Amino acid sequence: MVHLILTFIISFYSVNSFSAIGKITELQFDAASIVRDKETISGQKGTGLEMNDAIHTKKSVVGITFDDDTKVNVTENSKLVIDDFVYEPKKGAGKLGMKVAMGTVRYTSGIIAHNNPNAVDIKTPTATIAVRGTDFLMSVDEIGRSLIILLPQCDDMGVCKTGIIDVVTPAGIVTLNQPNQEIGRAHV
């Protein structure tokens, strides 16, 4: 009987540890809600995240770190859906897809975007953002309009650099390549 219980525990732990693609590394104020397979679970610091998770913040601010060191910060009253994440650490290859449905999210590129910018697909209701290894902020208002701001990425020594993002909308493509350059709700 003890052998059967140990086998079950080891199997359960193995399945859960291999399905996590990242985790909540920062949490302020209150727990976030994670909708996974039609169930809602409490998102606490250390909670593992999986593909197709929808993270909802009401009064919380959540920091997520993916397995490739991509960092995403989700502010209060926001919704982020993780559509796709595959990462092969030995090759430094993979893909990442997510949607910002509501609120404000800051994205900081990890290994996947640095090695293959075409492998990252980030969407808002009105735009798709093509990432070239950088930081940017996305904000989606209550009627679905987007504001996208390119941010400088600074290291621990205070050295900052700014990458490039292409914002694709039905009206065309706008390339942002200067710090704090934005494409706003009037255009997106």
Side-chain angles (χ1 to χ4, degrees), residues 21-26 28 32 49 51 53-57 60-87 92-188:
I21 58 172
K23 65 182 175 181
I24 295 175
T25 51
E26 297 176 36
Q28 295 177 10
L49 298 172
M51 276 196 298
D53 278 357
I55 296 92
H56 298 262
T57 61
S60 59
V61 176
V62 174
I64 299 168
T65 301
F66 288 91
D67 290 346
D68 77 321
D69 206 32
T70 294
K71 292 183 178 17
V72 176
N73 293 309
V74 185
T75 65
E76 295 176 345
N77 299 310
S78 297
K79 179 181 177 187
L80 171 75
V81 179
I82 303 167
D83 290 325
D84 198 8
F85 185 86
V86 176
Y87 178 56
K95 61 182 176 175
L96 169 63
M98 66 176 104
K99 289 184 203 130
V100 178
M102 177 70 188
T104 303
V105 174
R106 180 177 179 154
Y107 170 92
T108 303
S109 294
I111 294 169
I112 292 171
H114 287 291
N115 290 342
N116 182 5
N118 295 325
V120 178
D121 182 35
I122 301 176
K123 296 182 178 182
T124 71
T126 57
T128 299
I129 300 143
V131 180
R132 297 197 186 124
T134 194
D135 286 22
F136 60 92
L137 186 78
M138 303 160 278
S139 184
V140 178
D141 69 14
E142 54 280 340
I143 60 172
R145 295 176 301 177
S146 302
L147 171 66
I148 297 141
I149 304 170
L150 182 64
L151 301 171
Q153 188 175 37
C154 301
D155 64 18
D156 295 336
M157 302 299 290
V159 176
C160 300
K161 62 181 179 177
T162 303
I164 299 171
I165 59 175
D166 289 329
V167 181
V168 183
T169 70
I173 299 173
V174 175
T175 298
L176 304 181
N177 58 11
Q178 299 297 314
N180 302 310
Q181 191 176 14
E182 66 182 57
I183 181 165
R185 292 188 172 105
H187 303 98
V188 180

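Keep in mind it's a predicted model, so treat the numbers as computed, not measured. Just the heavy atoms: all of them, side chains too, but no hydrogens, waters or symmetry mates, feed the values below.
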**Student:** When you compare the side chain of Val167 with that of Leu176, does any pair of heavy atoms fall below 4.5 Å?
**Tutor:**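 Heavy-atom side-chain distance check passes, below 4.5 Å.
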**Student:** Under the salt bridge (Lys or Arg N to Asp or Glu O under 4.0 Å) rule, what pairs show up with a residue in residues 156-178, not counting sequence neighbours?
**Tutor:**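 Found Arg132-Asp166.
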**Student:** From Met102 CE over to Asn77 CG, what is the distance, rounded to the nearest 0.5 angstrom?
**Tutor:**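 Spacing of CE (Met102) from CG (Asn77) equals 7.0 Å.
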**Student:** Please walk me through it: do Leu151 and Asn180 pass side-chain contact (heavy atoms from CB on, under 4.5 Å)?
**Tutor:** CA-CA 5 Å; Leu151 301 171; Asn180 302 310; 3.8 Å; yes
**Student:** Give a yes or no answer on whether the side chain of Thr75 reaches the backbone of Thr104 with a donor-acceptor pair at less than 3.5 Å.
**Tutor:**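 Yes; judged by distance alone, with no hydrogens or angles, the pair exists.
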**Student:** With sequence neighbours excluded, tell me which residues meet side chain to side chain contact (heavy atoms under 4.5 Å, CB included) with Ala54.
**Tutor:**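 Val35, His56, Lys79, Val81.
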**Student:** Ignoring hydrogens, what is the shortest heavy-atom contact between Thr134 and Ile164? Give both atom names and the distance.
**Tutor:**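 Thr134 and Ile164 have their closest heavy atoms at CG2-O, 4.0 Å.
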**Student:** Please report the shortest heavy-atom distance between Ser78 and Gly103, naming the atom on each side.
**Tutor:**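 The pair with the smallest heavy-atom distance is OG-CA, 3.2 Å.
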**Student:** Taking all atoms of both residues into account, what is the closest heavy-atom pair of Met51 and Asp84, and its distance?
**Tutor:**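 Scanning both residues completely, I find the closest heavy atoms to be SD-OD1, 3.3 Å.
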**Student:** With sequence neighbours left out, write down each residue that passes side chain to side chain contact (heavy atoms under 4.5 Å, CB included) with His114, or none if nothing qualifies.
**Tutor:**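 Counting only residues at least two positions away or on another chain, His114 forms a side chain to side chain contact (heavy atoms under 4.5 Å, CB included) with Ser109, Gln153.
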**Student:** Could you pull out every donor-acceptor pair under 3.5 Å between side chains of residues 61-69 and any protein atom, sequence neighbours left out?
**Tutor:**
residue : atom : partner : partner atom : Å
Thr65   : OG1  : Thr25   : OG1          : 3.0
Asp68   : OD1  : Thr70   : N            : 3.1
Asp68   : OD1  : Thr70   : OG1          : 2.8
Asp68   : OD2  : Thr70   : OG1          : 2.9
Asp68   : OD2  : Ile111  : N            : 3.3
Asp68   : OD2  : Ile112  : N            : 2.9
Asp69   : OD1  : Lys71   : NZ           : 2.5

**Student:** Mind checking the CE-CG spacing from Met138 to Leu80? Nearest 0.5 Å is all I need.
**Tutor:**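 Reported value, rounded in 0.5 Å steps: 7.5 Å.
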**Student:** Which residue pairs pass the salt bridge (Lys or Arg N to Asp or Glu O under 4.0 Å) test with at least one member in residues 98-125, sequence neighbours excluded?
**Tutor:**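 Non-adjacent pairs meeting salt bridge (Lys or Arg N to Asp or Glu O under 4.0 Å): Asp83-Lys99, Arg106-Asp135, Asp121-Lys123.
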**Student:** Within the structure provided, determine whether Ser146 and Val140 are in side-chain contact (heavy-atom separation under 4.5 Å).
**Tutor:**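 Heavy-atom side-chain distance check passes, below 4.5 Å.
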**Student:** For a quick test of reading the model, state the closest non-hydrogen atom pair linking Ala101 to Pro125 and the distance between them.
**Tutor:**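 Answer, listing the atom of Ala101 first, then Pro125: O-CG, 4.1 Å.
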**Student:** Write down the atom of Leu96, the atom of Phe85, and the distance for their closest heavy-atom approach.
**Tutor:**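 The answer is CD1-CD1, 3.6 Å.
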**Student:** Show your working on side-chain contact (heavy atoms from CB on, under 4.5 Å) between Ile82 and Ile55 and close with a plain yes or no.
**Tutor:** CA-CA 8 Å; Ile82 303 167; Ile55 296 92; 3.8 Å; yes
**Student:** Find the distance between OG1 (Thr128) and CD1 (Ile165) and round it off to the nearest 0.5 Å.
**Tutor:**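 Output value for this atom pair is 12.0 Å.
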**Student:** Does Thr124 use its side chain to pair, donor to acceptor, with the backbone of Val100 at less than 3.5 Å?
**Tutor:**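 Judged by distance alone, no pair lies under 3.5 Å.
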**Student:** Kindly give the heavy-atom pair with the smallest separation between Gly92 and Asn115, and that separation in Å.
**Tutor:**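 Smallest heavy-atom distance, with atoms named: O-ND2, 2.9 Å.
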**Student:** Distance from Tyr107 atom OH to Asn73 atom CG, nearest 0.5 Å?
**Tutor:**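 One finds 12.5 Å between OH of Tyr107 and CG of Asn73.
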**Student:** Of all residues at least two apart in sequence or in a different chain, which pass the ring pair (Phe, Tyr, Trp, His ring centres under 6.0 Å) check with Tyr87?
**Tutor:**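 Applying ring pair (Phe, Tyr, Trp, His ring centres under 6.0 Å) to Tyr87 gives none.
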**Student:** Checking Thr162 side chain against Gln178 main chain: does a donor-acceptor pair fall under 3.5 Å?
**Tutor:**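 Flag not set: sc Thr162 to bb Gln178 has no pair under 3.5 Å.
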